[in-house]
Amino acid sequence: MKKSIMKVDSFIPDGKTKFCFLFGSNIAHSLSPKLHSTWMQSNKLNSVYLPLQIKEEPEFLSVLKNLTQIEGFLGGNITLPFKNAVLNLNFLKQSETVKKIKAANTIYKNNLNEWCLENTDIKGIEASIITLIKPNVKFEMIVLGGGGAAATVIYWGIMNENCSKIICVTRNPVKTKDNYKYLSNESKFSIVKLDEEHVHNLISEVNHNADKKVLVNTLP
């Protein structure tokens, strides 16, 4: 009988393997676990990045709190609908950006051994938009959606001096205003309801303005 030889191409965890998670309620389609795990393995890191699908907020908060007590947990990313809910864990140190926009997408441990919350969406948004607009060119931004991702896009637009106007189009304008109080004091920000009438009026309005337009879709 010939000797059977099994070739293993996939990552095999051991007792020293560290782990990260993507937290969310509907993440079966996400490419993040595969992308991050591939990067970890290509860099010879004994780590793995896994999807952790959770439906309810109390369960998410309980699971995350327990994970921060486990030595092998490195952190991870947080997506819908928990970017706001994670702020309810008071022991997590919030960055100034997170405090401002009331949304976080990343949990990690800093050099002082403190668990921290950050919002790295801003870097991704900036990297995407600056490829579309030439330097020092004025532009308007239309943001579809009113959740945590939208708040991050809007915050970036407010901080960008070349962004002259930001229009948020969302199903529930009142909820967005209540969740993100800082928006009420921003002169270049406005919000409209996502329905046929308002969208039709919006299209007519933006077509009469010569500024460049950037459309950002944050809806799932």
- Task: Specify the closest pair of heavy atoms between Tyr182 and Lys100, including all atoms of both residues, with the distance to one decimal.
- Result: CD2-O, 3.2 Å

- Message: Donor-acceptor pair, distance only, cut-off 3.5 Å: does the side chain of Asn77 make one with the backbone of Leu22?
- Response: no

- Please report the closest heavy-atom contact between Asn119 and Val98, naming both atoms and the distance. N-CG2, 3.7 Å

- Query: To the nearest 0.5 Å, what is the distance between CZ (Phe73) and SG (Cys20)?
  - Reply: 7.0 Å

- Message: To the closest 0.5 Å, what do you measure between CG (Asn43) and CD (Gln41)?
- Response: 10.5 Å

- Task: Verify side-chain contact (heavy atoms from CB on, under 4.5 Å) between Ile154 and Cys168, making sure each step is shown before the conclusion.
- Result: CA-CA 8 Å; Ile154 293 166; Cys168 176; 4.0 Å; yes

- Run the numbers on Phe60 and Phe82 for ring pair (Phe, Tyr, Trp, His ring centres under 6.0 Å), then give the verdict. CA-CA 8 Å; Phe60 161 70; Phe82 303 128; 4.4 Å; yes

- Would you say the side-chain atoms of Asn88 and Glu57 include a donor-acceptor pair closer than 3.5 Å? yes

- Salt-bridge test for Lys83 and Asp121: reply yes if a basic N is under 4.0 Å from a carboxylate O, no otherwise. yes

- Item | Closest approach of Thr218 to Leu144 (non-hydrogen atoms, all atoms of both residues) | OG1-O, 2.6 Å

- Query: Quick one: CZ on Phe23 to OG1 on Thr79, what's the gap to the nearest 0.5 Å?
  - Reply: 12.0 Å

- Query: How long is the span from the CG atom in Leu80 to the OG atom in Ser25, to the nearest 0.5 Å?
  - Reply: 7.0 Å

- Close side-chain approach of Tyr49 to Trp39, heavy-atom, < 4.5 Å: no

- Quick one: do the Ser164 and Glu140 side chains pair a donor with an acceptor below 3.5 Å? no

